[in-house]
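For reference, the structure discussed in these notes is given below.
In what follows, chains carry the letters A, B, and so on, assigned in the order in which the sequence lines appear, proteins first and then strands, with residues in each chain numbered from 1.
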Amino acid sequence: MKKIEAIIRPERLDQVKEELERAAFKSMTITEVKGRGEQKGITLQFRGQRMTVDLLPKIKVEIVVEDERVDTVVKTIMKAARTGRIGDGKIFIIPVEHAIRIRTGESGNHAI
Amino acid sequence: MKKIEAIIRPERLDQVKEELERAAFKSMTITEVKGRGEQKGITLQFRGQRMTVDLLPKIKVEIVVEDERVDTVVKTIMKAARTGRIGDGKIFIIPVEHAIRIRTGESGNHAI
Amino acid sequence: MKKIEAIIRPERLDQVKEELERAAFKSMTITEVKGRGEQKGITLQFRGQRMTVDLLPKIKVEIVVEDERVDTVVKTIMKAARTGRIGDGKIFIIPVEHAIRIRTGESGNHAI
Amino acid sequence: MNLNSGDTAWMLSATALVMLMTPGVGLFYGGLVRKKNVISIISLSFIAYALVSVQWVLLGYSLSFGPDIMGFIGNLNYLGLREVGLENSDLTMPELAFVMFQLTFAAITLAILTSGVAERGRLSSFIIFGVLWTTFIYDPLAHWVWGGGWSARLGALDFAGGTVVHISSGFSALALSIVIGRRSGFGEYDMEPHNIPMTLAGLALLWFGWFGFNAGSALAANSLASNALLVTNTAAASGALGWLFASWLRAKPSSTGMASGAVAGLVAITPAAGYVDPIASIIIGVVAGLLCYRAMLFRLQRGLDESLDAWAIHGIGGLWGSIATGIFANSSVNGYSGLLYGNLEQFSVQVIAAGAAMIYAFTATLVLAKIIDVIVKLRVREEEEYVGLDISQHGEEAYA
Amino acid sequence: MNLNSGDTAWMLSATALVMLMTPGVGLFYGGLVRKKNVISIISLSFIAYALVSVQWVLLGYSLSFGPDIMGFIGNLNYLGLREVGLENSDLTMPELAFVMFQLTFAAITLAILTSGVAERGRLSSFIIFGVLWTTFIYDPLAHWVWGGGWSARLGALDFAGGTVVHISSGFSALALSIVIGRRSGFGEYDMEPHNIPMTLAGLALLWFGWFGFNAGSALAANSLASNALLVTNTAAASGALGWLFASWLRAKPSSTGMASGAVAGLVAITPAAGYVDPIASIIIGVVAGLLCYRAMLFRLQRGLDESLDAWAIHGIGGLWGSIATGIFANSSVNGYSGLLYGNLEQFSVQVIAAGAAMIYAFTATLVLAKIIDVIVKLRVREEEEYVGLDISQHGEEAYA
Amino acid sequence: MNLNSGDTAWMLSATALVMLMTPGVGLFYGGLVRKKNVISIISLSFIAYALVSVQWVLLGYSLSFGPDIMGFIGNLNYLGLREVGLENSDLTMPELAFVMFQLTFAAITLAILTSGVAERGRLSSFIIFGVLWTTFIYDPLAHWVWGGGWSARLGALDFAGGTVVHISSGFSALALSIVIGRRSGFGEYDMEPHNIPMTLAGLALLWFGWFGFNAGSALAANSLASNALLVTNTAAASGALGWLFASWLRAKPSSTGMASGAVAGLVAITPAAGYVDPIASIIIGVVAGLLCYRAMLFRLQRGLDESLDAWAIHGIGGLWGSIATGIFANSSVNGYSGLLYGNLEQFSVQVIAAGAAMIYAFTATLVLAKIIDVIVKLRVREEEEYVGLDISQHGEEAYA
Ligand SMILES: Nc1ncnc2c1ncn2[C@@H]1O[C@H](COP(=O)(O)OP(=O)(O)O)[C@@H](O)[C@H]1O
Ligand SMILES: Nc1ncnc2c1ncn2[C@@H]1O[C@H](COP(=O)(O)OP(=O)(O)O)[C@@H](O)[C@H]1O
Ligand SMILES: Nc1ncnc2c1ncn2[C@@H]1O[C@H](COP(=O)(O)OP(=O)(O)O)[C@@H](O)[C@H]1O
């Protein structure tokens, strides 16, 4: 199992949700975060001076899936979240050793 | 070391905290998240039509513990967070390679 | 690749950001969380009775870096976040198997 | 009497002040509910206001202030404000100003009792309930006391609505909460207020508007209004301090307690504002703070989910205020005296009038609520309650 | 005439009430925008108020109420309030009270049209635009109707500003939104209101303040003011219920819809408040709710990003209200009668006056906005819009 | 004099307006503090209001307005409002209305100086401090200026409380902040305002209420009140624009700066409102905006943690306003003239009166605060400050 952690633009969340649903991935957890990447956010001009707004609002989408479905999820997210401009975000893949469904106690792939 | 990531109902947080404390687990980090599982949230009726409320508020509880204590924590959380109805949440176990206490610089099991 | 997850005092965020920047780490994701450690938060006196405020506001800083840079990041954070008093926080190192930049599709170390 | 522009000016302002109390109730309540129900509870206040605004013009004013039928209710002479001249011989202001002033009282009363359905009431059912409640419960009560009904004839004093507004809404909220049942999860886990500054902002509007409520009830810009203004303020302050210090004996003194105490003081001084002096108002306020605080604890002990304490604060506060009027009325203020000055009769009349209002409001609401519940269900479905009324009733989320 | 202290008292209070409407607009709008632009939109209301406050004293009052030039504008006799005595023979209050009352109208009008630049307007450009707009568009319009201009002479009725305030701001906002263009992302993804309780708090202040707006426009504490007060309230309530129920047919009834309907009702009754009776006000309000709701749907269909619906609510509501005045005016209220009572002429005059205001406001704003856009750019840069105006224009974040 | 219903009507309304300013201060401050202290700071305003409400009736009115003792303080004749008739020969309104109007001034003054203990003051100690401060510092100051004390006899002009309310609260806040010490972390890390829209909502209430404050101080609904209303508004607007543009020269123009400027303008016009003309009010407002902005920068440079700038805005703004009254007083407004019209004496008197108020307030507060600090500690413990006063003083969290 892997956890796919995608940091995306907030305005793309609806699209990401939709596309994932179409690809039969329904489960997810989302968190409001702030972030910056290499470009250090967005640079504004103010009287000839530059001023950088780092830490822009982002959405973190977390999805735990079986190993073999990781690729599909990643591709789906990439398609839905991409605008082609700086700030589109990143996807990280993190190992998950175990998953348990609280309601039933089921564990492993059955639980995700 | 493992990180136990439990997504639970907000209204169960107090109970989870209490039970964990009773089992001698005091440390934790919690985050307000939103999520949906397989059932895609809750379905309402509106004039014969269905309308789904996905992305319900949840609480993510993160606890880093030594490997041998994972089971206790998981069981404790399950006991405290379970209502038996859809939406009770999930627990994910994620490997942690290292932990450091910022104040002292201690690391490893001493740090958690 | 590793994900460095540091739980720090909110009032130290600016310093941590600055120091990381000086050390050439610009990318990061931050989340507002609440947490408690071994000391179970802060204890207040009220008419001779003790009352504990657990779950104090903290900031979670997440930074994904190449394995070899983990140490620098950890040191930098420790330096910037440390006040020497209880509540300074912890750093956890979590393995990351893969990273993808959504905009370009680059992956691996190039993506972080 | 002749129109007096000063009196009219004050009544126009006072009306505006009282109007603002209804959203004040909305914000006060809004801060106390959970985030998922804040739109619902604020909207209920506005909708209550809107419904009563129309009902009052069409029907309510006539039922309340129309020529008396058997001491119980007004007749239909003033339907749609027919025959309501722009001037009225009893008043020093245009009658339409009086109609409008009274409208704001009817409206806020319905808004207060939304406490009883908070976080679980169906919007559509509340609309039906609201229109019927104001017609069958508020309008008669207003008639009894201010429209020349039996209570007025008996000599009961209710300066600005202790019985009509507060006892009636408070005990009705209790009845309503019993019929609709507890919120799911009540008693099992904490339901913390989601935004206390919002509640405090609501308190600000309430306190402010209450000056219009009580001092406006003098129906003139005169000494009586000035006395009412001052004692209203002192009672509110004393209520706030009373609750604050009382709760401090048990735990840290919460701001919501202070706010509740202020409202308790305001409620209690309402029937009394035109009859008591400043020193009495301090006592009335402090006692209101203590009493309503106890009432709230009692309610919690009993596991009653009259969720936002309309009963403890408005019901019990109104009861206390009505009786206190019979105790502290000082003839130097307005010609009436109470028990303290040897007038047992006034005291008894107050008890009777307050008791009757309490019983009528509670019983009639119980019956009305039950009937509506059977026919259209007062309560949302379990899953609707779980996701919250904002989404399930309004399709909205409060905060993005 | 002699000074009347009652009339003066009411005008002082009414002025305060109207003043509060401008931050009311700010909060109403503030709740509807995204979190990153809330400071910007609320500040625009305050800045509009501040700019007009100074402009009005120096210049605007003279242009609006100074001795007439060709029916179009006032002359410069009252520059800097020179020669504006503390008393004026036409009024029963000090003239400075009238100046100040009118100031609040001019100010809110500019605040309303910030809807057209919401979430994308440059602060500095708006300041320039605002000063010119109030001078070249508001001041003449006020003169036409209230300052003895052509519209007044024609016999057009506009009790409290249906044309001057609402048609003018609504259609100007539309023009402005066309010149400045849509918000980036409009139509692509949802832009949900970030804080609906804030919008409802704004509604509370608007409704409250509107009592001063309309009942204050009687310029006296009399029967006319009382009638205005009552019909204002009824129209607001009916508008709220109208929009609520109309939207309920399509989807869950939103609180923002209810709020918009209330404002629509308030807007529509504005020109009519001194001429129509309570029953007419219910009809005017309900129709306003339905009509403005349709107007909003139409705007969305057309992909017009007049973002906070000043056009749909103030523009269309004002148009309807102005015409409705020509329909429902009832001579028993104030001596004027409308179409319903057989007076076709009044109706025609209303249509002409409303049409002229609409055309003038729309066209002149289009030209003014275009000129300013060419010279200093009305809109922020793309990346400034992306990070939000709070940071890019004010260097602040609303919530920490 | 005879009662005048118009004057009374205005005073009742004005009193309500001023009352609303105290929660306005609470919200203004509430938005500026950190999330963990918002309940505390808003509650302090309410508690200040409640304490003074009771103290004023029992004691304060007598000390301020009772028969003079040596020019310094009133005697105890009016204890508990004994012998305060419902009518008073000097006034055209009931004396109780005057008592209540003045009460709201005493209350807000204490609320303003909570700035000095923001985010670190112990609730219980503040309660003790507050009661003593209003008794020993506010009451004498009010007596000096309005109660027939030395300052009044000297001929000092203070229309609505530039010295009594603003200099006194501003300099007292400074003294208090020095005694209590800086917030832990001050100067080390940023303490950003947690909710700027709340501050702007507070500004709305302040601006609105200030109309009652200044125009109410005419104690009648007349020309003087109208002048006060207009100049109050213009000064506020000019102050907002002044600070906005001044800060724009250094950085992006913040909304909190605009808001502070508006308050600075309001403060500065307070003593002057009944003496100066509209053009002078623009100058007074702009200068207030610039001056208070500089004062704030100066305070920050000096590392003074008078946290919410009561000193910079109320203290310095009040000082400027008192002196400006001596400069701009125009005899055509109210019979008094200032330096600009050749009256050096008035100017000197203003300087003396303002200086005396400043020195008395600062010194006496320093002493009082020190004494209380020694006995019961003004400040919470370090860990209480760290978790925030909402939890540690009230056991509550603002937002869930
Ligand atoms: N190495 C990293 N570690 C943690 N978070 C990252 C990292 N790189 C990027 N992110 C997250 O992804 C978001 C988008 O990054 P990026 O596309 O580089 O955008 P930008 O240049 O606008 O910051 C960032 O705002 C941050 O939240
Ligand atoms: N595969 C998954 N990946 C990430 N988060 C998940 C996953 N499955 C469940 N969750 C989280 O757990 C929560 C509870 O899930 P579940 O019990 O299935 O409830 P529901 O059916 O109400 O969504 C979800 O809301 C979501 O936040
Ligand atoms: N074992 C753990 N698992 C998860 N989070 C932890 C753990 N230990 C500490 N934390 C996080 O780190 C924060 C700081 O911990 P610590 O320095 O022990 O402070 P304190 O004693 O004030 O809680 C906690 O508030 C919590 O968010």
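- Looking at F:Leu244, only its side chain comes within 4.5 Å of chain E, counting heavy atoms on both sides.
- Only the side chain of F:Ile279 comes within less than 4.5 Å of a heavy atom of chain E; its backbone N, CA, C and O stay farther away.
- Between E:Phe105 and E:Phe213, the distance from one ring center to the other falls under 6.0 angstrom.
- Heavy atoms of E:Met198 lying under 4.5 Å from chain F belong exclusively to its side chain.
- Both cation-pi conditions hold for F:Lys36 and F:Tyr386: the charged atom is under 6.0 angstrom from the six-membered ring centre and inside a 45 degree cone around its axis.
- The backbone N or O of F:Ala273 lies less than 3.5 Å from a partner atom in the side chain of F:Asn227, making a donor-acceptor pair.
- At a 4.5 Å heavy-atom cutoff, the contact between F:Leu241 and chain E is made by side-chain atoms alone.
- In this structure, chain F has heavy atoms under 4.5 Å from both the backbone and the side chain of E:Leu51.
- Only the backbone of F:Asn222 has a heavy atom closer than 4.5 Å to any heavy atom of chain E.
- Looking at F:Phe211, the atoms closer than 4.5 Å to chain E (heavy atoms on both sides) all sit in the side chain, from C-beta outward.
- With a 4.5 angstrom heavy-atom cutoff, F:Ser281 does not touch chain E via any of its atoms.
- In this structure, chain F has heavy atoms under 4.5 Å from both the backbone and the side chain of E:Ser124.
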